[in-house]
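Each remark here refers to the structure printed beneath this line.
Per chain, numbering begins at 1; letters A, B, ... match sequence-line order.
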There are 4 protein chains.
Amino acid sequence: MAQETGAEVKSIIIGLTTLITQALSQTSEDQIGKLLELITTHRNSKILVMGAGRSGLVGRAFALRLLHLGYQVHILGDTLVPSIGEKDLFIALSGSGATKLVTTAVEAAKAVGATVVAVTSFPDSLLGRMADNVIQVKGRIMGGEAGRQDYFARQILGLHEPLAPLGTLFEDSCMILLDSVVSVLMEKHKLSEKELQKRHANIE
Amino acid sequence: MAQETGAEVKSIIIGLTTLITQALSQTSEDQIGKLLELITTHRNSKILVMGAGRSGLVGRAFALRLLHLGYQVHILGDTLVPSIGEKDLFIALSGSGATKLVTTAVEAAKAVGATVVAVTSFPDSLLGRMADNVIQVKGRIMGGEAGRQDYFARQILGLHEPLAPLGTLFEDSCMILLDSVVSVLMEKHKLSEKELQKRHANIE
Amino acid sequence: MAQETGAEVKSIIIGLTTLITQALSQTSEDQIGKLLELITTHRNSKILVMGAGRSGLVGRAFALRLLHLGYQVHILGDTLVPSIGEKDLFIALSGSGATKLVTTAVEAAKAVGATVVAVTSFPDSLLGRMADNVIQVKGRIMGGEAGRQDYFARQILGLHEPLAPLGTLFEDSCMILLDSVVSVLMEKHKLSEKELQKRHANIE
Amino acid sequence: MAQETGAEVKSIIIGLTTLITQALSQTSEDQIGKLLELITTHRNSKILVMGAGRSGLVGRAFALRLLHLGYQVHILGDTLVPSIGEKDLFIALSGSGATKLVTTAVEAAKAVGATVVAVTSFPDSLLGRMADNVIQVKGRIMGGEAGRQDYFARQILGLHEPLAPLGTLFEDSCMILLDSVVSVLMEKHKLSEKELQKRHANIE
């Protein structure tokens, strides 16, 4: 009985990884390359990462690796947030590109002159339009302002409803994408795993 | 130039998803099924999720979906943590199974009689040995107590160092696994995406 | 030498508690009573607490006690945030009443019909004007939109600059005020310390 | 009616601030001075702050001010935690001095050679005994290992039960104490409020 359910989960794993691979294959190499370039040019400035809900958690996971890579990175939503300015980079994650707390923060980031990168499914969303650079990661977002766009995404991706509910596809794809970015950053900065380990929390 | 780097990231995405698929193919269907069974039998009790660092973030992402599915779920490390007892479920994530703050919490959870499920790469770790149930997710953890075991994992998986540094493989695999568990839970509870959406934060 | 510095801190403690007592003596009994009334009438609905920075931390400390008192309380900014509706209560803390992420959230809370209570130094601020109820707690906030108002506050309170920098007076006063509210709530609900203790986290 | 309840809260405010003033008057000037000295000698190293529950929130509020003062401060429990070593300072807050996750972390901090300062009601607790320096702040903690000690504290302070339940007195006293420490640090570093404001988050 337990094994049967386990087998069901395993078939979903195959379906989900396939969807992620498909979604990421549509992300522009140029956009990804631009993200990397922006990160490396901010090696000595502050990088502020933000997202709401599960997108925020994926952003935090990325931020942790940027810390391990030696960046001065911070998370909007954590306790300790420094002031930022025109030399700094603001990375915002939002599938719909319409999350109010994210767009409000981006507006403030632009007002102080920071460079804004948006990771979103919808380049034409408010977030996408405000950002200096957009990395489009396909996904599907149900309800809210992204409702109509979502219908479109659904047609394209042909998702079976329970396979990747709500923002799942966007979030998981971002996790894989950003972890792959980390791998290339390691290489670019000639950092070994040992050097990352040295910056990893040792009180945990 | 940017495009070239983008292409590099894309090839890593392929490598990383392949690794994740391989790692998860080794996870026992029985163990996954048991996890689902334990979650559904705790439909009316509290579920407490815990992990340190990036594993903790993956645990949080899972907890958010359990909330959307209507569970009484909480995160150890968030501000609002309730008391738990023998009717409750404690889900701990730790690649190495040796993270002190996790094993300390598990010890306390066992002392109050809660059922403990461990998601870890090492069933023989302290965490694995304390848990009532273990879901083994392959990965590699460098340094610390898991050092020797890690060498073994490295041989098996044949990882190219910068492809998935530190706990990356474990964390990303857990993300995909647990999101697939969510999909099956939706089906089991006959919940549509719309019903999940209703429980999703509307102030964000 | 250390003792001398310690003595200096102690004299500041006297000054700071005096300021807090003065500030809170100016808070309207009627407004405090209304806050209590709103909380108790939401005994079986959700209460969402929000604030940025240190005000957010004070809000969290209050939320923890509401949890211990048996309320269904949540914190905007924590991982697990449920959806809220017209039956629910939103408590926002902001000294200046102008913090963007707070006013944005309040706008969304009002849009879904929730009752909004603002704890702020400035009833005429955007937050104050949007809220259904305001509890005014004197303090001083420097810079930003509250700059001019702050000058006024400075005149009234006659603060020596380093005694309570930035939002300190507002934050500390709110902490004392809300902890006193907790004490009265205990009495109203006839809850003993033991009963609070039972709901206190036992895994920590 | 509301006004009556408000008046009740106000009388508790007087009682609570009196208790806090009493509690802090018993804290040794020498211990406070030593805390300040340790902080200033770690001006160019890392400072890691930790506490569980409401003590953790008070620790976070202090950490935020240390950030505004220009310190390299981090919070154990936030997402971004760096590695620390023998040059670094670990500040732990725990009323009972027996909180497991805190003592476990302190043990790890000592193992890497960091200097540990404990803020606690019980210098003879496990935390107090492990710490290099102790600042005793009177309070009362009910239940758990501190149960017996708590009885003693109760006798000394003669608290009326609902006035300051659980750790309230410890937490509020620490908030006032540490904010007073901030004020003296501003003076020692000759920093104006304006300079603190510059380091204050501007995206919020």
Side-chain angles (χ1 to χ4, degrees), chain A residues 1-10 12-14 16-17 20-21 24 28-34 36-37 52-54 57-58 60-61 64-65 68 99-101 142-143 161-166 168 171-172 175-177 179-184 186-187 192-194 196-197 200-201 204, chain B residues 1-10 12-14 16-17 20-21 24-25 28-34 36-37 52-54 57-58 60-61 64 68 99-101 142-143 161-166 168 171-172 175-177 179-184 186-187 192-194 196-197 200-201 204:
Chain A
M1 182 64 184
Q3 203 188 323
E4 207 178 297
T5 317
E8 211 181 324
V9 172
K10 283 218 164 181
I12 303 239
I13 289 172
I14 305 298
L16 184 53
T17 44
I20 293 168
T21 313
L24 288 177
S28 142
E29 291 181 1
D30 215 61
Q31 289 178 1
I32 300 174
K34 193 78 182 100
L36 255 137
E37 196 183 296
R54 286 172 43 110
L57 295 168
V58 170
R60 280 166 158 84
L64 255 172
R65 281 288 182 259
H68 300 156
T99 314
K100 284 270 172 62
L101 294 180
M142 211 188 79
E161 277 255 6
L163 190 52
L166 305 170
T168 303
E171 295 139 13
D172 292 359
M175 187 88 170
I176 304 293
L177 167 64
D179 274 344
S180 301
V181 165
V182 167
S183 183
V184 174
M186 278 181 76
E187 214 180 288
S192 70
E193 194 176 29
K194 223 163 206 156
L196 266 72
Q197 179 68 29
H200 191 285
E204 66 167 20
Chain B
M1 183 63 183
Q3 203 189 323
E4 206 177 299
T5 317
E8 210 181 324
V9 172
K10 283 218 163 183
I12 303 238
I13 289 171
I14 304 298
L16 184 53
T17 45
I20 292 168
T21 313
L24 289 176
S25 74
S28 144
E29 291 182 1
D30 216 60
Q31 289 178 1
I32 299 174
K34 193 78 182 101
L36 255 137
E37 196 184 296
R54 285 173 42 110
L57 295 168
V58 170
R60 280 167 158 82
L64 255 171
H68 300 156
T99 315
K100 283 270 171 62
L101 294 179
M142 210 187 79
E161 276 256 8
L163 189 52
L166 306 169
T168 302
E171 296 140 11
D172 292 359
M175 186 88 170
I176 303 293
L177 168 64
D179 274 343
S180 301
V181 166
V182 167
S183 182
V184 174
M186 277 180 77
E187 215 180 287
S192 70
E193 192 175 31
K194 223 162 205 157
L196 267 72
Q197 179 68 27
H200 191 286
E204 65 167 22

**Item:** Leading residue by heavy atom contact count with chain B [cutoff under 4.5 Å; candidates A:L196, A:I176, A:L57, A:V58]
**Value:**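 The option with the most such pairs is A:L57.
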
**Prompt:** Counting heavy-atom pairs under 4.5 Å to chain B, which of A:E8, A:K10, A:E4 comes out on top?
**Reply:**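 Most heavy-atom pairs within the cutoff with chain B belong to A:K10.
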
**Fill in**
B:S180 meets the side-chain hydrogen bond (donor to acceptor under 3.5 Å, both in side chains) criterion, sequence neighbours left out, with none

**Prompt:** Looking at residues at least two apart in the chain, or sitting in another chain, which of them share a side-chain hydrogen bond (donor to acceptor under 3.5 Å, both in side chains) with A:H200?
**Reply:**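 Once residues adjacent in sequence are excluded, A:H200 has no partner under the side-chain hydrogen bond (donor to acceptor under 3.5 Å, both in side chains) criterion.
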
Relative to chain A, which segment of [X] carries a heavy atom at a distance below 4.5 Å: side chain, backbone, both, or neither?
| X | value |
| --- | --- |
| B:A201 | neither |
| B:L64 | side chain |
| B:E37 | side chain |
| B:L36 | side chain |
| B:L24 | both |

**Among the listed options B:L177, B:T17, B:D172, the residue most often paired with chain A at heavy-atom distances under 4.5 Å** =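 The option with the most such pairs is B:D172.
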
**Asked** Can you tell which of B:D30, B:I32, B:V9 has the highest number of heavy-atom pairs within less than 4.5 Å of chain A?
**Response**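 Max contact count across the listed options: B:V9.
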
**Asked** Is there a side chain to side chain contact (heavy atoms under 4.5 Å, CB included) between A:D179 and B:R54 once you walk through the steps?
**Response** CA-CA 12 Å; A:D179 274 344; B:R54 285 173 42 110; 2.8 Å; yes

**Item:** Straight-line distance of A:L16 CG to A:T168 OG1, nearest 0.5 Å
**Value:** 7.5 Å

**Asked** Measuring from A:H68:NE2 to A:Q197:CD, what's the distance to the nearest 0.5 Å?
**Response** 8.5 Å

**B:E187 vs B:V182 side-chain heavy atoms within contact, under 4.5 Å** =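 When only atoms from C-beta onward are counted, B:V182 and B:E187 do not touch, as no gap falls below 4.5 Å.
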
**Asked** Which answer fits A:T21, side chain, backbone, both or neither, if we ask what part of it has an atom under 4.5 Å from a heavy atom of chain B?
**Response**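 Side chain only.
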
**Side-chain donor/acceptor of A:R65 to backbone N/O of A:S183, under 3.5 Å** =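 Pair absent, no side-chain N/O of A:R65 close to backbone of A:S183.
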
